[in-house]
Q: 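After the structure tokens below, expect a handful of questions from me.
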Amino acid sequence: MGIIETVIVLCLFIYNGDEKKIEGWYTQENIGECLTAKRLASRNSGNQVLYTCSVEECEMSIDSTGAKHCDKIID
């Protein structure tokens, strides 16, 4: 089990009919950075995807370079 932290994440959701499924998430340094990334990603994507910025509790791990990654969003 990793470290539990509250972080800002940019979430990618894929629509399949009426079903919405989370496909991936990316941690962001602050809400401004998240909204900028969301705006850029939304402009370059189709209408079957949705990006959201949110504050989530995540199980974090540290890779070999020392960077933190959100392995799992805790519901």
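Being a predicted model, the structure only gives us computed values, none of them experimental.
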Q: Hey, could you give me the CD/OG1 distance between Glu56 and Thr27, rounded to the nearest 0.5 Å?
A: 12.5 Å
Q: Please determine whether residues Val9 and Tyr51 belong to a single hydrophobic cluster, defined as Ile, Leu, Val, Met, Phe, Trp and Tyr linked transitively by side-chain heavy-atom distances below 4.5 Å.
A: no
Q: Please, which pairs that meet side chain to side chain donor-acceptor pair (under 3.5 Å) have at least one residue in residues 34-44, sequence neighbours excluded?
A: none
Q: So which pairs with a foot in residues 19-56 pass disulfide bond (SG atoms under 2.5 Å apart), sequence neighbours left out?
A: Cys34-Cys53
Q: If you round to the nearest 0.5 Å, how far is NZ of Lys21 from CZ of Phe13?
A: 12.0 Å
Q: Restricting to pairs with a member in residues 64-73, which pass side chain to side chain donor-acceptor pair (under 3.5 Å), not counting sequence neighbours?
A: Glu5-Lys68, Ser61-Asp71, Asp63-Thr65, Asp63-His69
Q: Say whether Val55 and Leu35 are linked into one hydrophobic cluster, either directly or through other cluster members, by side-chain heavy-atom distances under 4.5 angstrom.
A: yes
Q: For the atom pair CD1 (Ile22) and CD1 (Ile73), what is the distance rounded to the nearest 0.5 Å?
A: 4.0 Å
Q: State the CG-CD1 distance between Leu12 and Ile14, to the nearest 0.5 angstrom.
A: 4.5 Å
Q: Measure the spacing between SG of Cys70 and CE of Met60 and express it to the nearest 0.5 Å.
A: 6.0 Å
Q: Which heavy atom of Leu10 sits nearest to which heavy atom of Gln28, and what is that distance?
A: CB-NE2, 4.0 Å
